[in-house]
**Q** 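This structure is in structure tokens; I'll ask about it shortly.
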Amino acid sequence: MSNGSSAPLVSVEDLNVKFVSRESTVNAVNDVNLTLDPGEVLCIIGESGSGKSVSMRALLRLLPERRTKITGALEVDGKDVLALKGKELSDFRGGLVSMIFQEPMTALDPVYSIGHQIAETVRRHEGCSMEKGLERALELLELVKVPSAERRLKAFPHELSGGLRQRAMIALALSCRPKLLLADEPTTALDATVQIQVLILLRKLQEEMGMGMIFVTHDLGVAAEIADRVAVMYAGRIVETGTVQEVLNSPRHPYTQGMLSSTVHGNMRGKDIEAIPGSPPDLRSLPTGCSFAPRCRIADDGCRAEVPAEVTLGPGRIARCFKLDETAAPKIREPMPA
Amino acid sequence: MSIAEKTSVLSEVDMNDARDRGGEAQPMLIARNLQKHFPITGGVLNRAIGHVRAVDGVSFSVMKGETLGVVGESGCGKSTLARLLMHLIVPDSGELIFDGDGVGQKDGLLVRDMRRLMQMVFQDSYSSLNPRMPVEDSIAYGKMVHGASSEDAKDAARELMKKVGLDPNLFGPRYPHELSGGQKQRVNIARALVLEPRVVILDEAVSALDKSVEAQVLNLLRYLKDHFNLTYVFISHDLNVVQYVSDRVLVMYLGEVVEIGPVDEIYDNPKHPYTTALLASRLSMDPDDRVEEPPLVGDPPNPINPPSGCRFRTRCQFAEKICEVETPVLPGHASATEHVTACHMHVPQSGHSKAASLAGKKPQAAVRSAS
Amino acid sequence: MTDITATPAQAHAVDQAAPVVRVRSYWQTVGYRLRYDYMTLFFGSVVILIILSAIFAPLLAPMDPYESSLINRLKPMGYKDFLFGTDKLGRDILSRLLYGGRISLAMGIMPVLIATIVGGSLGVLAGFLGGKTNMAIMRTVDVFYAFPSILLAVAISGALGGGIFNGMASLTLVFIPPLCRVAETATSQVRNLDFVEAARATGAGTLSIIRVHILGNVLGPILIYSSSLVSVSILLASGLSFLGLGVTPPEPDWGLMLNTLRGAIYINPMVCAIPGVAILITSVCFNLVSDGLRSAMDVRM
């Protein structure tokens, strides 16, 4: 899937995002490095407050400028994202890169019909007429498999069910054939039977259009379903990256291992779940050393003294941990019965 | 009374619960034909122009000491069902029998007394705790409502905080916004337990939590159930969690029960096509074995005007003429181990082409036991 | 590691590694924010100064506010001992301003206070009970909305006749509807939150829920709104006095002073402006303080 020889579509180097207010400074993202090849799907997995959504919003410059301090280098398709201004920025957003959100109701404008919103976006980015835009909107709704698409063009967001709204938002995001699609937990609010439909659709569209996709989720199952590569975030840092098989089948960071063992499945009935104790750290005062150390079962004084550096385990396989030789014990996970 | 209450919070409740009235075989809770339609008003005169059939003739029983899992998609009426059981919403019709006593009936149990015996844990969200109240006061409030002095109530609250894994000295005086999601949910659980209920309804109680915290809370719920001899009604959309916690599972679709039975029966041998599809929609967790074809297409229909006959027929691949004209009924069931479904395919001579073959294989009369 | 919450002791251990947050109550948080809001602090101290000067008017006033003198009529600022000059009857403006503050501030604060209690209670009841009660209370209140507030105050006060007490009564009636509305909106938002439902699930009665769970959560928005009404009330009271309703001569009141000095605007414009400036400063300060309170109390939880 990934093409090693060509230039990466996205490259993020030493990204740091801090939210500064009078009362405190929140270290939301700390020293994040990422690359994404064209046509590749990267899943960022993390719990709430892990910095996964903030990193993505930084990539689209969606964070409030006044209170946010962003440092590092962000490049998408050779463009320096942090240097974009005015017209360039609005062409970049929605043109080269677009984003889909968890709650389509808040991302779609409630006073315009779906067709109008898509046509308007097409018109703005491609400078065509409204009729052309509406034609394209119809094509797009058919592309995302909205049933009786012609009728839905005139529908308002509140008239659609959750799954159809999410499809309409995907159509809107794809309207200008972006090279990169950012997805922020787009299936979390959906029912199980609808979630799987949307995931399969996204995967198919991404393959057909050759888009790169960064998909943020807290659900390991979603990552298993859609990702080529996975990055696991904890307290604003990427603690482990690798292909989806590597990370889910033989995780090396204790946090990833803990996440997998605490994921509930049916054949654990009657037994306690191996939960990770404690709660994630306060981003206003991160512990010195490894952020996961207070909850880690193999942490020692060394882990609490210094932040572990990135250790490269193989091509594209990185973990941030001092104890990687202890975590290497082959832990064959039993695949879940379907 | 307060001394007795105080000691029972501290001590374990064993299997011979002194509060038991109906005996071991009497189900803890029986719901019969519960129905709630919410009117949709419109026009100048605010007249009802339609009804949301949130819960439409739901019957089931919960045995003593078991966990009944309730699964279904959004809009299937599971949350309304929880509120109907608590009498937070008054049902249009149907009755509720708590350990042999009719709730709200003339010679039965008063709603106020029932609420001491049955409590509810809400989905963790910003609104589940009073933001202007220290959490120990939130826990103690229920006890004070029922006449305990504020010292007794506070003592009970602090004792329960220990039981749910929170240090009362550290967390008791805090406000909800100073707690993490998992900690807030522990407080919510303590608040439900302060009245020493026998039944706890958990309405999506772990759904909003992060996975690692969810596991902690599920372990806690297991421990509390043993410790206080509780009966749970566990409502969730997460099939894996329901499988983990439940003894029996009830599947809802558009306000109706489509299938009920022991957890292994439901998960290993689902009868209703909706249950089958729901189970097949689970994510595989194995990147080399992805789900390639969605088991169902489309969204659940609107509960305002549900389809005639079988409500699932619009999405069902086996739907036939009979499904449109006749509403399948859930067979009445006596024992807790029975596995029944409301589907024409499982009723011999129903007129469905698949009825004979399927019913022949798994006759309704000889249901398999879970054990 | 396999068994994390099997015993209470271990369950207990689970969440102790939690982030340590400073324990601060809601009002402490508000206080903390106000302490660093220098604008609000400054205008707040001006308000306090104005209130103090009104209370201690007898000690501060250099002369008798009622004593007139024919030879000292309409003197400019700084004439002899008259720091702010004199009015048409030769009375010292500074002294009248200090004494007038007593009446003007009372007219500003009392109606708002009473209206907050009455309108607030009505609104909370309407919001919490909903249904027919809500309908009855809110539709009655809506009737008052049909008139502009100044017109309503003039009409009521005109019907009741002049005098300080009638003026206050008419202003109170004017402020009840908006406060009722604010309280109703705030209450019906809180009423649907899960913690109120949880309280009902414990078997608590209506009054207990209102007292314990509702009041604490709606008091903030109500107080913010009523503090912003104080300045409106001062202006309306001045308006009433200006029209000859409310306060009657020779009582010193800012509105009335403005009215009597109106004729002298071509003779001595600076002196004429003084009561107006006093009204302006007071109402602006009250407004800014209530703005400051609003942002300090807007704690996202």
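Here is how names work: the chains are called A, B, and so on, in the same order as the sequence lines, proteins then strands, and each is numbered from 1.
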**Q** Measure distances from C:Ile214 to the heavy atoms of chain B and classify the residue's part below 4.5 Å as side chain, backbone, both or neither.
**A** neither
**Q** Under 4.5 Å heavy-atom distance to chain C, tell me which part of B:Arg83 shows up: side chain, backbone, both or neither.
**A** side chain
**Q** For B:Leu195, is it the side chain, the backbone, both, or neither that has a heavy atom closer than 4.5 Å to a heavy atom of chain C?
**A** side chain
**Q** Looking only at heavy atoms and a cut-off of under 4.5 Å, which of B:Met133, B:Met114, B:Met120 has the most pairs with chain C?
**A** B:Met133
**Q** Would you say the rings of C:Tyr32 and C:Tyr36 are close, in the sense that their centroids are separated by under 6.0 Å?
**A** yes
**Q** Taking only Lys NZ, Arg NE, NH1 and NH2, and the carboxylate oxygens of Asp or Glu, determine whether B:Glu196 and B:Arg116 approach each other closer than 4.0 Å.
**A** no
**Q** Checking B:Arg191 against B:Asn188: is there a side-chain donor and acceptor pair closer than 3.5 Å?
**A** yes
**Q** Ignoring hydrogens and geometry beyond distance, is a side-chain donor-acceptor pair present between C:Asn134 and C:Glu184 at under 3.5 Å?
**A** yes
